[in-house]
Structure formats: structure tokens, C-alpha cells
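Worksheet: the structure to be examined is printed underneath.
Numbering starts at 1 and runs along the sequence shown. The model shown is predicted, which means the values in this text are computed figures rather than measured ones.
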Amino acid sequence: MKAIVIGAGIIGTACARELALAGVHVTLVDRAGVAGATTAHGEGNVLVSDKGPGAELRLAQFSRRLWPEVTGDGTEWQAKGGIVVATTEEGARELTAFAAAQRAAGVRAEPLGPAELASAEPHLTLDVTAAVHYPDDAQVQPAGAANVLLDAAVREGATLLTGCEVLGAHSRGGRLTAVHTTAGTLEADLFVNATGPWAGVLSRRLGAPIDVRPRRGEILVTTPLPPTVFHKVYDADYVGAVGGDTDELQASAVVESTRAGTVLLGSSRRAAGFDDRLRPEVLSVIAQRALRLFPCLSGVPAMRAYGGFRPYVTDHLPIIGADPRVDGLWHATGHEGAGIGLAPGTARLLTDLVTGRTPEVDAAPFRVDRPAVLPQGAAG
């Protein structure tokens with residue numbers, strides 16, 4: 001069996017690795033290079049803390065179990081845990097209820113008292129009304145992790161073709177048999193659309209549109225500091241921003257350090273199409289909210305800022321599986337800001353479906369033929 005995986009970000013490289021491990025002959029293609037777009041512009045989150053009970057949480061828990069199998073030199077894997085804090089009484093009630101529901105779904109969510117919180121994060125604001133520790137939250141270096149996944153795929157016989165943009169499809173008898181690219185025509189038995197925010201664009205070129213839209217996010221990076229932030233720390237408002245549907249700016253405080261000593265400040269979400277201009281007003285909001293959690297960062301220089309596009313689906317669930325309209329076309333996209341964390345589970349689930357193995361996670365919620373994904377009346 002031959003497969004072409006389109007898109008060499010974290011999802012594409014993870015899919016290439018899993019398919020290759022299953023004995024599939026894989027060619028991974030990208031119009032630019034490995035991890036050059038969305039993956040390179042993320043924070044590297046591997047989270048269970050931001051997901052309520054349901055299909056995405058189950059996929060996140062599955063992925064979290066798999067991540068240690070794929071880590072290696074270059075991933076900068078840190079199982080440092082996360083701390084979610086509330087700064088209002090209403091926020092405390094919501095966070096407490098949310099954590100209780102997560103615990104019922106098997107998530108380790110441990111309430112922290114003031115003394116425990118001060119010990120875990122001594123530089124955090126004292127204006128905290130509730131805090132929950134999530135020991136299973138982790139972090140990787142996104143581009144490094146994608147390259148580790150790619151290396152593993154290549155060791156299993158996969159090949160990489162960069163500078164190769166897919167322009168169209170060739171079908172025979174309702175089956176996709178080849179794609180036309182800037183590097184020529186490529187034939188295979190199956191094709192995986194793993195192009196993240198561009199999955200909607202590519203799907204239209206392949207004659208099977210799916211509703212995936214870009215959602216813009218920005219991050220500030222400080223100069224290197226002495227040890228200051230010891231977990232991924234974020235305001236409970238972040239969960240609401242992740243699940244929000246408005247096109248307007250949504251921002252919440254998300255603060256974490258890297259191995260290099262820099263501190264990443266996020267997070268924002270807004271509909272901006274593919275406009276990649278950094279917006280100073282958005283960066284200002286991010287900085288203000290981060291300072292509410294860590295006042296000690298006041299006066300610390302910002303070394304750089306960057307932004308990227310997330311693949312957004314209106315029902316906030318990834319798209320994983322076969323396209324019912326075009327035999328041979330598969331999709332692995334729509335993860336929005338959770339693609340890093342969900343990559344191993346997505347790749348395993350996709351490969352199970354391709355090879356006929358029984359998946360460990362129910363694939364039905366991620367199917368392509370659901371109302372949020374297919375234009376009305378397009379399924380069949």
C-alpha cells in the first residue's frame with residue numbers, strides 16, 4: 001500500500017511515522033519545508049487540563065500516553081505539569097466544577113491551597129481564588145518534535161518531498177488515484193490531507209471541500225530569565241477562549257518557560273483569514289493579562305513576537321478519517337490549538353482506520369461526514 005501524506009507539520013509527520021510503522025510505503029510532501037508553518041508557531045502544549053469530558057479529552061488522554069514513546073533528542077520533552085488559576089469568585093466556582101467533571105473522566109486534577117500554590121509558583125500573584133494542578137500536562141519544542149517524528153518515519157522507509165505544492169487531483173471511477181503537484185504527478189493508494197489551516201483550501205483543490213478555517217494566534221517571548229515560572233500556568237478564562245465561537249479577539253493569560261530560560265506569553269484567538277501581520281494591540285492585551293498573573297515580569301524585555309494560524313472547525317473537534325465522497329482521500333486536521341498534543345493519538349487513530357485495526361479511541365466523533373465539516377448536502 002502506498003500513501004501520500006500532504007503537509008509536513010506535527011500532524012503530517014506523526015501520520016507518516018505511524019503509517020510507515022504499519023508497513024505502508026509513505027511519501028510525505030510539503031509545499032515548503034518540515035514544520036515551517038503552524039507547527040513552528042505554537043507553544044508546544046501537550047494538555048489535558050483545557051478539555052472537558054468528551055471525545056477530544058479522550059483523544060488527548062490517549063495521545064498523552066503515547067507521547068513518551070515518540071520523544072527523543074530534539075523534542076525537549078518536559079512533563080512539568082500545568083496549573084490553572086482563577087482570580088475571581090465566579091471563576092473559582094467554574095474552575096472547581098470543571099476540574100470535578102474532569103476527575104470523573106479520569107483526569108488527574110489536584111486542588112492547591114494557598115501554601116501549596118506559593119511553593120509551586122513562588123512568583124505568581126497572590127490574587128488567586130482557586131488553583132488546580134494537572135500533573136499530566138507537558139510541553140515539547142514543536143519543530144523539534146516534528147523532526148523527530150520525521151526521522152522515525154524515514155527510518156521505516158518513508159520519503160520526504162519538499163517544495164512540492166499539491167495543485168489538483170486525478171480520479172478514476174470515483175477514486176483518487178493521483179495528485180498533480182509542482183513536482184509532477186504523484187500516484188498512491190491513499191492520500192492524507194494534513195495541511196492544518198490550509199486543509200480547506202487543499203480539500204477544494206481535491207474536489208471534496210471541508211470547512212476548516214484559519215484562526216490567528218500570537219505569542220510574546222521574553223529574554224532569558226533565571227527560573228521564574230515552573231509549570232504551564234494559565235488563567236481559567238483560557239478554557240472559554242479555546243471553546244469560543246466569536247470572530248472577535250479572545251485573549252487569556254498563558255505563561256510558561258522554556259528550557260532556554262525564555263518565558264512564553266499567550267494566548268490570543270481571532271478570525272483574521274490568512275492575514276499574517278502582527279497586531280501591536282493584540283500583543284499589548286497578551287502582555288497585560290500575563291502581568292496580572294506574574295507581576296514580576298513587569299519591565300522584562302520582550303525578545304520577539306510571533307503568530308500563526310490554527311485549523312478551526314466550528315464544533316471544536318478534529319477531523320480524522322476517510323472522506324465519504326472521494327475514495328482514497330483521508331483527512332487529519334482541524335485540531336485548532338491542540339495539534340501538538342493530539343498528534344500521536346491522531347496518527348495512531350488514522351492508521352488504525354486505514355489498516356483495519358480496531359482503534360483504541362472511538363473514531364465516530366471525528367468523522368468527516370458531520371454537519372460542522374461538510375457543506376450542507378455534500379455528504380454521501
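V313 and V201 are members of different hydrophobic clusters when ILVMFWY side chains are connected at heavy-atom separations under 4.5 Å. In this structure, L353 is not a member of the same hydrophobic cluster as V368, with clusters built from ILVMFWY side-chain heavy atoms closer than 4.5 Å. By the criterion of side-chain heavy atoms lying less than 4.5 angstrom apart, applied directly or through intervening Ile, Leu, Val, Met, Phe, Trp or Tyr residues, L283 is not grouped with M303; the two fall into different hydrophobic clusters. Connection of V354 to V326 is not established within any shared hydrophobic cluster, with ILVMFWY side chains joined at heavy-atom distances below 4.5 Å, either directly or through further cluster members. One hydrophobic cluster, built from ILVMFWY side chains closer than 4.5 Å, cannot hold both L190 and I6; they sit in different ones.
Taking the side chain as every heavy atom from C-beta outward, Y306 and D276 never approach each other to under 4.5 Å. Inter-residue side-chain proximity for V263 and L225 is flagged as met; some heavy-atom pair is nearer than 4.5 Å. Between L176 and D327 there is no side-chain heavy-atom pair separated by less than 4.5 Å. Considering only heavy atoms from C-beta on, L149 comes within 4.5 Å of I10 through its side chain. Under the 4.5 Å side-chain criterion, counting only non-hydrogen atoms from C-beta, I4 is in contact with V29. Between V26 and E156 the shortest side-chain heavy-atom distance does not fall below 4.5 Å. You'll find the side chain of V179 reaches within 4.5 Å of the side chain of L206, heavy atoms only. Side-chain contact between T346 and F366: absent, with no pair of heavy atoms (C-beta onward) separated by less than 4.5 Å.
At least one donor-acceptor pair under 3.5 Å links the side chain of D30 to the backbone N or O of A32. Checked by atom type and distance alone, the side chain of D189 pairs as donor or acceptor with a backbone atom of K2 at under 3.5 Å. Listed for the Q102 side chain is a donor-acceptor partner under 3.5 Å among the backbone atoms of K51. Side-chain N or O atoms of R17 include none that pairs as donor or acceptor with a backbone N or O of A152 at under 3.5 Å. The main-chain N or O of P142 is never found under 3.5 Å from a side-chain atom of T39 such that the two would form a donor-acceptor pair. In this structure, the side chain of D211 does not engage the main chain of L374 through any donor-acceptor pair within 3.5 Å. Side-chain N or O atoms of E94 include none that pairs as donor or acceptor with a backbone N or O of G91 at under 3.5 Å. Looking only at distances, no side-chain donor or acceptor of S171 sits under 3.5 Å from a matching main-chain atom of G174. Remark: side-chain polar atoms of T162 are not paired, donor with acceptor, to backbone N or O of G33 under 3.5 angstrom. Using a distance-only test at 3.5 Å, with no hydrogens or angles considered, a donor-acceptor pair links the side chain of R325 to the main chain of P209.
Remark: T125 OG1 to F294 CZ distance equals 9.5 Å, nearest 0.5 Å. To the nearest 0.5 Å, atoms CG (L350) and CG (L19) are separated by 6.0 Å. Taking CG of L329 as the start and CG of D323 as the end, the distance is 4.5 Å to the nearest 0.5 Å. In this structure, the separation between OG1 on T262 and CD on E256 is 9.5 Å, given to the nearest 0.5 Å. In this structure, CZ on F274 lies 6.5 Å from CZ on F309, to the nearest 0.5 angstrom. For the atom pair CZ (R215) and OG1 (T38), the distance works out to 14.0 Å, reported to the nearest 0.5 Å.
Note on R348 versus E69: salt bridge recorded, some NZ/NE/NH1/NH2 to OD/OE distance being below 4.0 Å. Between R289 and D235 there is no salt bridge, since no side-chain nitrogen of the basic residue lies less than 4.0 Å from a carboxylate oxygen of the acidic one. Checked for salt-bridge contact, R213 and E336 miss the test: no charged N lies under 4.0 Å from a carboxylate O. Under the 4.0 Å criterion applied to side-chain N and carboxylate O atoms, D137 and K232 are not assigned as salt-bridge partners.
The two residues R270 and V282 have their closest heavy-atom pair at NE-CG2, 3.7 Å. The two residues A79 and R64 make their nearest non-hydrogen contact at CB-NH2, 3.9 Å. The shortest heavy-atom contact between T351 and E18 is OG1-CB, 3.2 Å. Between G307 and H41, the closest heavy-atom pair is O-CD2, 3.1 Å. In terms of heavy-atom proximity, V70 sits nearest to P344 at CG2-CG, 4.4 Å. Closest approach of E218 to L278, counting heavy atoms only: CG-CD2, 3.7 Å.
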Report the C-alpha distance between V300 and T223 in whole Å, list the side-chain angles of each, state the deciding distance to 0.1 Å, and finish with yes or no for side chain to side chain contact (heavy atoms under 4.5 Å, CB included). CA-CA 7 Å; V300 173; T223 53; 4.1 Å; yes
From CA spacing to verdict: side chain to side chain contact (heavy atoms under 4.5 Å, CB included), V132, L95: CA-CA 8 Å; V132 179; L95 175 57; 3.9 Å; yes
What verdict does the side chain to side chain contact (heavy atoms under 4.5 Å, CB included) test give for L28 and L150, after you've listed the backbone C-alpha separation in whole Å, the side-chain angles of each residue and the deciding distance to 0.1 Å? CA-CA 9 Å; L28 177 64; L150 173 62; 3.8 Å; yes
Go through I219 and L265 one step at a time and tell me if the side chain to side chain contact (heavy atoms under 4.5 Å, CB included) criterion holds. CA-CA 6 Å; I219 296 171; L265 309 179; 5.8 Å; no
R370 vs D315, salt bridge (charged side-chain N to carboxylate O under 4.0 Å, His left out): CA-CA, chis, key distance, verdict: CA-CA 10 Å; R370 62 184 205 259; D315 65 1; 2.7 Å; yes
Checking T185 against H170 for the side-chain hydrogen bond (donor to acceptor under 3.5 Å, both in side chains) test, could you report, in this order, the C-alpha distance in whole Å, the side-chain angles of both residues, the deciding distance, and whether it holds? CA-CA 9 Å; T185 300; H170 179 76; over 6 Å; no
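In this structure, E281 places its CD atom where more than 12 heavy-atom neighbours from other residues, nucleotides or ligands lie under 6.0 Å away. Within a 6.0 Å radius of NE2 in H25, no more than 12 heavy atoms belonging to other residues, nucleotides or ligands are found. Heavy-atom neighbours of R172 CZ from other residues, nucleotides or ligands within 6.0 Å: at or below the threshold of 12.
For S203 and H331, the side-chain atoms include no donor-acceptor pair closer than 3.5 Å. In summary, the side chains of Y234 and S49 do present a donor paired with an acceptor at a separation below 3.5 Å, with no hydrogens or angles considered. Side-chain contact, E121 with H231: a donor N or O sits under 3.5 Å from an acceptor N or O. If you check the side chains of E110 and Y134, you find no donor sitting under 3.5 Å from an acceptor.
In this structure, R205 is not positioned above the aromatic face of W198 in the sense of NZ or CZ being under 6.0 Å from the six-membered ring centre and within 45° of the axis.
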